[in-house]
Amino acid sequence: MIDLHCHLLPGVDDGAKDLEESLAMARLAVNDGIRAIVATPHVRNGLYHHTREELEERFIRLKEYLQVQGLPLTLYLGADIHLSPGLIQHLERQELPSINNRRYLLLELPSFALPSALQEILFKLRAKGFIPVVTHPERNGAIQKNPEQAVELSRFGALFQVTAMSLTGEFGGKVRDCAAALLEKGLVQVLATDAHSPRNRPPFLAAGVRAAEKLIGKEAALRLVTDHPERILAGAPWPDQEFQKKPESSRLKKLPFFARLLR
Ligand SMILES: [Fe+2]
């Protein structure tokens, strides 16, 4: 399995505190069946403002440290990029790490509402060649109230990553039900740990896959942690038909002009 979203990089956010904690997380991940992790520190959420160069430096140190320990684990760098002003310009100037330096990026939304400009931002990202993978939509208040909102975002080119612990109920029933609804609607492309520590939020993926299997079947559940993250790591194009169901013509008319261009 590949974990596309993990706060493994030490000392840069509320994830691993130091190299020892990163090592403990990496060991847990390997024991759980994870063979590759994308280290995705928070960036630009008003708290964490490390430059890309700083993150890359720390990433190299982490990689070397884990290599010495001999863990069968491949590491990649990405970032958990918060929706913030200037996002597209920062990406274009290569100031923020995309996933494995390719076209996909993790995009974290605010916890409660969906900003009114979101659809346009998603559209612009896709138009510029970036593919946003929206992290844990099941934890967003507006999507919990109405999962159809995620359908709208997918029409504007968003992919979705659900968190394994959401599906196994550790964030409560509301979050679990929303995660399950999104999976059953075929809106979810990736399951990841969003792990922050070896104790409270460990990098466990296998239990989440088992929960997903019950909802969408074994093959589809496995794709969320194998084929799909592989494609994202490689920066391969996303076949639109896999995640964008054609809206009924009446709804299509309601979409702004720029969104219809996307289809
Ligand atoms: Fe995260």
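All values below come from the heavy atoms of this structure, side chains included, with hydrogens, waters and symmetry mates left out. Both ligands and their constituent atoms are indexed starting at 1 by order of listing.
Atom OD2 is the N, O or S atom of D80 at the shortest distance from the Fe ion (ligand 1). Closest to the Fe ion (ligand 1) among the N, O or S atoms of D194 is OD1.
In this model, a donor atom of one side chain and an acceptor atom of the other lie less than 3.5 Å apart for T163 and Q161. A side-chain N or O of D14 and one of H42 form a donor-acceptor pair less than 3.5 Å apart.
In summary, E108 places no N/O/S atom under 2.8 Å from the Fe ion (ligand 1), failing the contact criterion. Checking H5 against the Fe ion (ligand 1), an N/O/S atom falls under the 2.8 Å cut-off. Within the 2.8 Å limit, H196 places no N, O or S atom next to the Fe ion (ligand 1).
Between the side chain of D13 and the backbone N or O of G15 there is at least one donor-acceptor pair closer than 3.5 Å. Checking side-chain atoms of H7 against main-chain N and O of T40 turns up a donor-acceptor pair under 3.5 Å.
Atom CG of L107 sits about 10.0 Å away from atom CG of L153, to the nearest 0.5 Å.
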